[in-house]
S.K.: 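Once you've had a glance at the structure underneath, I'll fire off some questions.
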Amino acid sequence: MPGCDHAGIATQTVVEKRILAEEGRRRTDFARDDFIARIQVWKDEYETQIIAQLKAMGCSCDWDRTRFTMDDVCARAVREAFFRLFADGLIYRGKRLVNWDPATQTVLADDEVEHETVQGHFWYMKYPLVESVEIEGGTVEHITIATTRPETMLGDTAVAMNPADPRAKYLLGKKVRLPLVGRIIPIIADEHVVLADPESDDEKARFSTGFLKVTPAHDPDDWQIGQRHDLPVINVMAPDGTISDKFGWDDATGSDAEQLLGMDRFEAREAIVEWFRTENLLEDVREYTHEVGHSYRSHVPIEPYLSDQWYIAVKKPISNFQFPISNLEKRKLTEQKDGVTYIKGTDVPLNSLAGLALAPLLDGRVKFTPERYAKTYQSWLENLRDWPISRQLWWGHRIPIWSKVGKTAPNGKPDGLIFREIENDDEIVTCACVAPGCEDVEKQLEKDGFQRDPDVLDTWFSSALWPISTMGWPEDTELLKAFYPTDLLCTAREIITLWVSRMVMFGQYFRGDIPFSQVYIHAMIQDGSGRKMSKSLGNGIDPLDIIASHGADAMRFTLAAMTTETQDVRMPVEEMTLPDGRVANTSPKFDIGRNFCNKLWNASRFAMMNLEAMPAWSEIHPKKNLSDRWILSRVSTTVRDATAAVDAFGFNELTDVLYHFMWNDFCDWYLEIAKVRINAGESAAKAVLAHCLDVLLRLLHPIVPFITEQIWSQLNEVVPCRGPGDSPAEDMLIRAQWPLADAAMIDPAAEADFELYRDAVRGVRNLRAEHNVSPKQKAKVLFDVQSVPGRIILENQALFESQAGAEITPAGAQADKGDAGTFTVGGTPFYVLGVIDIEAERARLTKQAGTIQNGITGIEKKLAAEGFVAKAPAEVVQRERDRLATLKRDLEAVTNSLESL
RNA sequence: GGGCGCGUAGCUCAGUUGGCUAGAGCGCUUCCCUUACAAGGAAGAAGUCACAGGUUCGAGUCCUGUCGCGCCCA
């Protein structure tokens, strides 16, 4: 089921920027619906492009069912989901410090905040005590706080110190006058405060003065302290990050701080530091490197900001949950606390949303590949905090809540409407959540003075519903019955928490079952120097450009070959001129796939040229010919290995197995042998050839669908019936069955014998190359015809002579081996007569003898080592002994040849 | 601060539960435009498996530590 989500923040930001750049107009210059219409146009353009990319890449999807998270089907599911969550009391409104992005003026989830290391400062600022204090005989007029964000001091409502601080007994309960503002604030005790220790290993302790300014409205830790001590909360900033007294700050007027109003937060920082310096209250400034949260969207520093947001309670037990959750209880993987069933070792109630997502991992119903990613999923859920779901955007699913200040008694009690009273800043607000399909209720509410919440839902809310919403939930559709749960989710590791966990959560909560049983996390492609591909760096690649430069199949093959279990994959990016003349980014890496496809095409063409008058499978006797037995064994082994690789998501292994079979076995050896045999009138090779190609195409189709489908249709014209059974092939390869490995065809003896044959051919070729024997000249080859390799060569004499460019010297012929080149196959010496340069051969053999001797020494050492023979498995010991014997025969042969030179 | 990954040939990467002389592609060297393929064929050179310890008959593989690179989370 193909489709797109609406990528709320990203999409709106892009369109806002574009309209500002092109037309000089801001979002606020538009009516809401008009602006949304503009985004819709942009989205349609890009959606079309994305779908076209998927099609061009050969993705096999159900195109008729293409979905978008904001289309009607999905929108209804979102409304229904929200309504049910609200009805179950899992959605609430909370005043919280949120991650505020002053640039885009929206709230970001914790996951949307990027932590960057920033070179900053600690400023040491003196706050005067209202009354001086005597400590150990000295008079103290000031205390000094240290801060990295001086501008927030305008909102300070206390100074905290650790009760264990020796000065605490003199200072606790005393008051300070907040500079600039003049506000009188208390000195309180809180254990969160780090004690000052210049010698400490802890950096914080080295930088601490022991006094902490407390700004509940602008710092998460301070917010906690404020909650503990019931401190006032004073917000000193406007949503755009400028200093303002319009959002909860009422003692600015008339103070020295008034001059700061309207300044940007960073301007204000400088002004405040300067003011302290002038007033002689700046004690010190020290360099400090620390982590600062930045918006992943606008990249400006996040401002912790006090704001009203809708939340989903993820650890709240759901009363009367209607579906079975898991068998964890039976397996004693839960524990009881205060009447609640928790997942063992966590504070996650089994019947909470977090529990619903965590249980299927723990009970094994959801599996990750590679397995290590299960940890990411698990630890995220175990430490989950409530999910802020409102976003200050226009592009998205608008929150289906209408509200009105004051207690408003419900007018009757229409279906599809839930009222809830919420306390907010000392006033009561009545909120109404409306179910989908109740437009009349919505109109009535608006008539009654209710206003719809302006915010939209987090994009992930609707994305979390994807597996069910796209198939028509909340109806119990035939689609859902047929395809839910699905088998496999394939995705990137960076959204395991944002997306994967929430799909499981919602799938379990709304449908009572997991959305998928397997999660495959694929590698991420980076550029050649290990950087993420991005528009701003200009190091990204458009798949359509790769398709233009190398072809879709080449791209698919290469990507599959690069897909390993590792986290990141590097893709060198290069500008290239495409066939249509455009210059675009692509990568020479795709040569791998292009060369592969080219080879496959040529080999298939050649095979098909030779299939005329192919005998039926039932007429041939492939068991009688070594090369047939060998290639059929290789076919079966390849089918077996390829199937295993697919089952294990080993995509690089799959391409590796198929590459090796196609190129090295099928092309380099079997096709070359078939040439000779077919020329000699041996037509049995044709039937085997056709069968090999048939299986190869079926194995390759998922990776390189276009070229294999094309070859398949040509093959069907040449030989519609082929392979064991001689039955007609499927018209379309995409419908053909994945081949089954035929264990009876696996023939280790044939593979071993063929190996000897191949070594003999290579041995002759090697000598020819080393001694520059002209290709036209036949090499005279002499060997013991009674030996195992000798018999094999003799049985395939014509083939051997053709492939090696050799002539076998008649058995028993006496020959002068003095000027022969030598090589060994399985311990049997082979001589190539009269071709050599004696000095070169001596050097070659000496080197070879050295290599063999190294091998022998290694094995002898191993066999002599204490414990090896006694402790290693018998088969390992035997293997070493066999190898040693062969090597010794090889060495003897080489030594003999050296002596006779 | 917590977690995860990576470091193997000049480059990009494989190497499953420890067990043949550590592999592939690209690049490089030599020869070959042989009637499927020069995006090709034949042959070849090239690695102290980051470093230091440990476990073991045996370590690229397991354990501990160090160094370097990257990612995720707080």
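The chains referred to below are lettered A, B, ... by the order of the sequence lines, with proteins before strands, and numbering in each begins at 1. Because the structure is a prediction, the values reported are computed rather than measured.
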S.K.: Search all heavy atoms of A:I521 against all heavy atoms of A:P370 and return the closest pair with its distance.
M.R.: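 Here A:I521 and A:P370 meet closest at O-CD, 3.5 Å.
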S.K.: Which part of the nucleic acid, if any, lies within reach of A:N652 when heavy atoms closer than 4.0 Å are counted: base, sugar-phosphate only, or nothing?
M.R.: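 The answer is sugar-phosphate, as A:N652 gets under 4.0 Å only of primed atoms, P, OP1 or OP2.
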S.K.: Touch check for A:R605, heavy atoms < 4.0 angstrom, all strands: base, sugar-phosphate only, or nothing?
M.R.: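 Sugar-phosphate: the residue A:R605, judged by heavy atoms under 4.0 Å, touches backbone atoms but no base.
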S.K.: Round to the nearest Å and state the distance from A:F666 atom CZ to B:rA36 atom P.
M.R.: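 Rounded to the whole Å, the gap is 14 Å.
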S.K.: NA contact type, A:P572, heavy-atom cut-off 4.0 Å: base, sugar-phosphate, or nothing?
M.R.: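 Nothing, no nucleic acid heavy atom in range.
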S.K.: Contact class for A:R883 vs. all strands (heavy atom < 4.0 Å): base, sugar-phosphate, or nothing?
M.R.: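 Counting heavy atoms under 4.0 Å across all strands, the contact made by A:R883 includes a base.
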S.K.: Is a donor-acceptor pair below 3.5 Å formed from side chain A:E672 to base B:rA36, judging by atom type as modelled?
M.R.: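 Between B:rA36 and A:E672, which were checked side chain against base, a qualifying N/O pair under 3.5 Å is present.
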S.K.: Near A:E382 CD, under 6.0 Å, is it more than 12 heavy atoms from other residues, nucleotides or ligands?
M.R.: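 Yes, enclosed.
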S.K.: Restricting both atoms to N or O, compile the protein contacts to nucleotides 23-30 of chain B shorter than 3.5 Å, with distance only.
M.R.:
none

S.K.: Could you tell me how the ring of A:F754 sits relative to the ring of A:Y757: parallel (under 30°), tilted (30 to 60°) or perpendicular (over 60°)?
M.R.: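 It falls in the tilted class, 30° to 60°.
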S.K.: For RNA chain B, report each stem as range with range, ordered by first number, or say none. Use Watson-Crick or G-U wobble pairs under 3.5 Å, at least 3 in a row.
M.R.: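 So far as stems of 3 or more pairs are concerned, RNA chain B shows B:1-7 with B:67-73, B:10-13 with B:23-26, B:28-32 with B:40-44, B:50-54 with B:62-66.
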S.K.: For atom C1', what is the distance between B:rC49 and B:rC31, given to the nearest Å?
M.R.: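 These two C1' atoms come out 33 Å apart once rounded.
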S.K.: Any base atoms under 4.0 Å from A:K675, or only sugar-phosphate, or nothing? Heavy atoms, all strands.
M.R.: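 Base, at least one base heavy atom under 4.0 Å.
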S.K.: Tell me, please, whether A:F368 has A:K375 positioned over its six-membered ring: NZ or CZ under 6.0 Å from the ring centre and within 45 degrees of its axis?
M.R.: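 Judged by the rule (NZ or CZ under 6.0 Å from the ring centre, within 45° of its axis), A:K375 is not positioned above A:F368.
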S.K.: Apply side-chain contact (heavy atoms from CB on, under 4.5 Å) to A:W460 and A:I495, showing your working.
M.R.: CA-CA 10 Å; A:W460 297 110; A:I495 51 177; 3.7 Å; yes
S.K.: Measure from the side-chain heavy atoms of A:T566 and tell me the nearest of B:rU12, B:rG5, B:rA39.
M.R.: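 Given the options B:rU12, B:rG5, B:rA39, the side chain of A:T566 is closest to B:rG5.
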